[in-house]
Every structure is written in structure tokens, then in C-alpha cells.
Protein chains: 2
Amino acid sequence: MQRVTIADVARRAGVSTATVSRALSGGRKVSSDVAERVRAAARELGYEVNPIARALRVSRTDTVGMVVPSIRNPFFTALVESVEHALGADGKELLLCDAQSDPDTEAKRLDALVTRNVDGIIVSPCHGTDSTPAVQRTAERLPLVQLDRFVGGTSTDWVGVDDIAAMRSVVEHVHAGGARSAAYLGARLTNSSSELRHAGFLRHANEFDVETGPQWTLLGDYSVEWGERAVGMLADSGRLPDALVCADDLIALGAVRACRTRGIGVPARVQVTGFDNIEFTRLAEPPLTTVDQPTRRIADEAVRLLADAAGGPAARDAAHVALVPKLVVRDSTRTG
Amino acid sequence: MQRVTIADVARRAGVSTATVSRALSGGRKVSSDVAERVRAAARELGYEVNPIARALRVSRTDTVGMVVPSIRNPFFTALVESVEHALGADGKELLLCDAQSDPDTEAKRLDALVTRNVDGIIVSPCHGTDSTPAVQRTAERLPLVQLDRFVGGTSTDWVGVDDIAAMRSVVEHVHAGGARSAAYLGARLTNSSSELRHAGFLRHANEFDVETGPQWTLLGDYSVEWGERAVGMLADSGRLPDALVCADDLIALGAVRACRTRGIGVPARVQVTGFDNIEFTRLAEPPLTTVDQPTRRIADEAVRLLADAAGGPAARDAAHVALVPKLVVRDSTRTG
DNA sequence: AATTCGCTGGCAATCGATTACACACGCGGA
DNA sequence: TCCGCGTGTGTAATCGATTGCCAGCGAATT
């Protein structure tokens, strides 16, 4: 398929392949008339370097791999889109993998990416501890940056938001709206985001004197279904808090929906908050107050870190970049 | 990075690299004791073939490229996930590109994929005519199958749903629910889906004696915003039809939302239907009646066609596989 | 006993680019 | 005149795997 090679260009321009390579990829000086002749020949023949051959020689593929827990989650989709965009600016390609929220397939995907000689890996690990070995092992071989979530026991670059600070603004906001008690609808504490958001919620609920309690801490997974079920459990349990703080938007969407079907007023009876600011939060009934994740900036930082790491690989301290997200206030909470 | 090579294994097993290659990839017979020795050596050294080197030699990368108009659209996300899944079964990788709904970047992406020696390409072209040259050119070089949408003027494989038949079931359904007039909220007719859905709507509205009209045909793009705006225009125009048939779920979600904010009862005053059955249709208020796209089967077919094409490349007739989708009835339409 | 055949395994070419090394040439200084 | 040096180009090795062709060997055939 790859018809025209560097040898063809060399023949046509009447020079050696070495010169062609130098003229095009510009490693060393080439006299300007020869360079022009080579470029002309290349243009006429429609020559393009074969990235495979180049990759074999220089062991660099201009491709970065990305592994996300689930491409179904619109938050990760947004992240992927942002990463693609950021890479495009550098002329790099994206090899995308879905871990299906399973550490084993995640490990397989990481290995596959390593074998394929990607230049670097961006991963949002699906599990806080079970993902550690694979991430660790991969990070020893390649530049790697963790996105959004990170695993314990490794020291790699990481970019994400400050979950604790975000939770502070959430709690502050519902408190200002009159909430004196709140439930936390989260995901099991198997990864860093889950842990930090939960911890942030507890800490700041305490700070603002918002009542919480174990019976008001419901941990499942990041899905609409779980949000619906959790509200069911709360409603059945007798006492309902003033606010439902959710660990992500999917849970919050489920919660709002369940409230509706049970006739629980939002925000009149309970205020509800989400996290991520995926597109569909606007469409909920009522539109969801949530924490906006700056996916664009997260992606840019990640790509930059990866580029840095590719430069001087050896002894560089790992960077942890935590962006402080903004609260987006909509109608699922009370203001003033 | 790629530490252990076939030569290391050969040395350790006391054979030549040729034998190692044959023992592992099994091109030709190797006596069983030698094969065992080689496998042992490979295992001990942790050897894995270098896909780059292999690709250079055999010019096959076990990677397929996919280009979608926008990864933001959950329908395409679902499609991507399904394709990834289907490829995984074949031990192939996915190189994903986003065309940002722009034929020029789409063309660039296609070229990039060709240069990278992917084994085949799956594309959902973003424009019915402007995408043609790039798709055509690409199809001449590589196995290519179009998904969901297709461009005019080429003869490549295609897999998608029968949009006309789908529209028939939609119109039949709202008619059965009492609709005697209907508006069509679609996207500008710049691609096949848009055209066919629109044509199907008109044809079957006519068949069922459902009133339509140019003032009730609103064409914009596939987005929530457009759905909202279109309903605004309809409401302002004076006369509202009995049903809003939308060309995709995003438009329908916007339409439903706009109806809500304007106090137009759904389905009491107007019935609303979507198309694609993305996850969030369940969450709308009311949940949306829509056409379910069998993404799993579409992806499976596409991957199968690609595999076929890779086998006997030359003279094979292009296949057009149209699956007939099912209507999913929820609460945004009236039943019986 | 000589020839042929089948089966295994090794040698070396090959894929297409990059690059270390060598070489040719021209020019200036000793 | 000779040497040294810089510049620009060519030669060939290299990346790591696959594979066409050939050689050796034992068994089978004549």
C-alpha cells in the first residue's frame, strides 16, 4: 500500500537516501539547491514518510495511549475529546482504550500500549489499589501521567481537580441555601476521587455544622441507577436530610429523577448537587447545580507533563497539578 | 525500552531467530522439543514480539482506524465502545479520531490513518457530499466501511439502520396516539441519515394522512440547543402540530425541555419522538420515545465486513447492511 | 548402493527510514 | 607544497521481526 519510498525520491532527485532524509527531516545541513530538488521530487511523487519504519528506527511513534475506566461516562468522553485536541496541536495521535472499569482489562490495555511503543500514557486508573501494580510497572517503562484519579503507592505525574476544595464550595453552597443536614451519595471508596470527595464532604460538613451520619452515607457506583436506588433507600428509611451531595453527575441525575417520581421536591424539600458538569446536567429537571471540571485545562496540563517527561526522563520530581474547580449553580439548590 | 528481542530468545534456546519466529508465530513446522525449548526461553525472558518491527515486515498493524463526526454525541460514543469491543475479540486495536464535524479535519484524519498503515478504516462521514473525495480516496487504498451515515458517489461497504423503515414506525406510532399533524425537527440535509430520516418522515406522514408542511420542517444541527430553538420558533409561529418528530435524541431532548419551560404538555399537547436511544433519553422529563439503534450489531457487522475485505481485497461487491431498528416506547408519546 | 523425498533448521535478504562514519572537495595558513 | 579543517554527501549498519531458499539428514524407493 505504501507505494513511494525514500529510495524513489532519492533516485528521482539524483541523491542518496541519506540526503533525502536529511533534507526532509532536517537533521543536518544540506545545501539549499539540493534541499530544494529533494523537496520537489518528494512533492511530485507524493512521498510521505512511513511512520512504522521511522518508529522502528528511532523508537518513537508520536502516539500516546490513553486508558479510561469507561468511555460511557460523559465526563471521560469530554476528557478524551480534550486530550485529543491537545495532542492534535503537537501532531500526535491518540490510541484510546476502555478498561471497562476492570483492573484486569486495564492492566492488559496498559501492557498492549507499552508493547506498541506509544511515547507516553495517560491513564485514569479505575481502582485505587488494584490498579497500582499495572500502573507502577507501566510508569517504570514509559512517561505516564494519571488523570483525575490516581492510585496509591506510585510517584507519577498527576493532573486533576482539588476534590476537597470542590466539596468545600458544595457544602458551603447548600448550607447557605439553608441545609442543616446532608446525605452523601457516592461510590465505594475504591479510588482516589471517591475517597477525597467523601473526605472533603465530611470535613466541611463538620466545619459548617451540617449534620451527617453513617445512615446518610450511601456508597455504590458511578451510575444513574445507583443514584435512583440510593434515594429509594433514603426515602424508605424515614428521615430525609436537607441536601443530597452526590459524588458525580450520573448519581445526581438518578437522584433527581428518583425524587421526582416520589414527589420529593427539588430543591424545595432537598437540594441536590452533582460533580463533573457533564452536558446533560443542564437538561435535568431541575437543572443540576454541580462542580465544573475544567477538562480542557486538565488535558493541556497532562499533555504538557508528558512532553516534559519525554524530554528528560530520568530524575525529575513527579508533579501533582490540582486545579481548583468552580461551582456551577443551577436550580437544584436554593440560593440566598 | 523494548528490551528483549527475538535474538535474545534465539541465543537462549540455542537456535536461530528464524526458528524462534516459526516456533512462536507458527508459520511452518518446528519439531516439538525445539518448540518447547523456544517457548520456555521466551517465557523466561518475558519476550513479546515488537509490533512495530512486525508491522514493517508484514505491513499489517492489527489496528483499525475509526473516524466519527463528534465523540461528544453519545450515540457515537456508544458506537465507538461497541466497535472497540468487537475488535477486542479479534485482538485488534482501535485508533480513534474525532472529525469535529468538519470535512477538512476529517480528510486530514483519514490521511493520517492511511499513513499509519492501519489495516482498515471505519468512518461515519460528517458530510454527505463534502466528505466524498476523502472517503473515496481512502477507500481506494484500504478496506473501508461506512457506519451509520454514508456519502454519495462511492461504492464501499456500509452498515447502519434502515432510516426509512424506522421513520415509518415512528409515524405509525404517533398516528396511533392520535396525532393528525406533525413537525419534523431535523438537521440540515448534509448527510445520508438526515436525508433519509427526513424523506422517511414525509413519505409515511403522507401514507398515514398526517399533516405536514414546510413551516413545520425545521432543519438545524444535531444538538440540544437546536431542539430548544426550534420549539421556540414553532411556538411563536402560532399553530402547533400534534407531534414533533426529531431526527435524533439530542434534538428531542432539547425539544422536550423547551416544551416544559413554555408549559406545553408532553405528550398531552404534543407528542415528541427521538432517534438513537442514547442513555439519557431515559432521564428526560418525560422519558423519551425513540428509535433504538443496535450499536452492538452495527459494530459487529462492520468489523466482520472489514475482516472480509482484508481477505480478498480485489473484486468484491460492496455490501450494504441495513438493520431494522425497533421503536422504544416511553412516556413522551401517547399509547392506544 | 544410489537416488529421491520430506522434514527441520539456518543463512541472509527484506521491510523503510535514520544516522555513525568515512570520504571528497575546497580553502586558508604554515 | 603540504596539512588541517569544515562542509556536504554517500555508504552501509541498524532497528526487530519474517520468510525464501538452501543444506543436512534420515527414511523410503528403485
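Nothing here was measured: the structure is a model prediction, and the numbers come from that model. Within every chain, numbering begins at 1; the chains are lettered A, B, ... in the order of the sequence lines, protein sequences first and strands thereafter.
Per the geometry, NZ belonging to B/Lys29 stands 22 Å off P belonging to D/dC25, to the nearest Å. Here D/dA17 presents its C1' atom at 12 Å from CD1 of B/Ile52, a figure rounded to the nearest Å. Rounded to whole Å, the distance from CZ on B/Arg116 to C1' on C/dA17 is 15 Å. If you take CG of B/Asn117 and P of C/dA17, they are 11 Å apart, rounded to a whole angstrom. Atom pair A/Arg57:CZ and D/dC15:P shows a separation of 8 Å (rounding to whole Å applied). One can place CD of A/Glu48 at 15 Å from P of C/dG16, the figure rounded to the nearest angstrom. Distance CZ (B/Arg11) to P (D/dG16): 12 Å, rounded to an integer number of Å. At whole-Å resolution of the value, CG in A/Leu56 and P in C/dA17 are 12 Å apart.
Side-chain contact annotation: B/Glu106 with B/Ser131, donor-acceptor N/O pair under 3.5 Å present. Using modelled atom types, one finds no donor on one side chain facing an acceptor on the other under 3.5 Å when comparing A/Arg72 with A/Thr77. Side-chain contact annotation: A/Thr63 with B/Arg116, donor-acceptor N/O pair under 3.5 Å present. Between the side chains of A/Thr61 and A/Asn117, no donor N or O sits under 3.5 Å from an acceptor N or O. Between the side chains of A/Thr132 and A/Thr129, no donor N or O sits under 3.5 Å from an acceptor N or O. Counting only N and O atoms by type, the side chains of B/Arg149 and B/His127 include no donor and acceptor under 3.5 Å apart.
Between B/Ser21 and D/dT18, a side-chain N or O to OP1/OP2 separation shorter than 4.0 Å is present. For the OP1/OP2 pair of D/dT18 and a distance below 4.0 Å, the side-chain nitrogens and oxygens of B/Ser25 include at least one atom meeting the criterion. OP1 or OP2 of D/dA17 sits under 4.0 Å from a side-chain N or O of B/Tyr47. The side chain of A/Ser16 places an N or O atom within less than 4.0 Å of a non-bridging phosphate oxygen (OP1 or OP2) of D/dG10. For the pair B/Thr17 and D/dT18, the criterion of a side-chain N or O lying under 4.0 Å from OP1 or OP2 is not met.
A residue-by-residue look at A/Thr19 and A/Ala53 shows that A/Ala53 has its nearest nucleotide of DNA chain C further toward the 5' end.
Of all nucleotides listed (D/dT9, D/dG16, D/dT18), D/dG16 comes nearest to the side chain of B/Asn50.
The number of heavy atoms from other shown groups lying within 6.0 Å of CZ (B/Arg304) is above 12.
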List every contact pair, protein side and nucleotides 20-24 of chain D side both N or O, where the distance is under 3.5 Å.
from	atom 1	to	atom 2	distance (Å)
D/dC21	N4	B/Arg28	NH1	3.1

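For the pair A/Thr295 (side chain) and A/Ser82 (backbone), a donor-acceptor distance under 3.5 Å is absent. In this structure a side-chain-to-backbone donor-acceptor pair under 3.5 Å is missing from B/Ser21 to B/Thr17.
Nucleic acid contact for A/Val20: none, since no nucleic acid atom lies under 4.0 Å from a heavy atom of the residue.
The closest side-chain heavy-atom distance from B/Ser194 to B/Tyr222 is below 4.5 Å.
At its two ends the helix from C/dA1-D/dT30 to C/dA30-D/dT1 runs along axes set 70° apart, each axis drawn from five pairs and the angle rounded to 10°.
The base of C/dT18 is not paired with the side chain of A/Arg54 by any donor and acceptor separated by under 3.5 Å.
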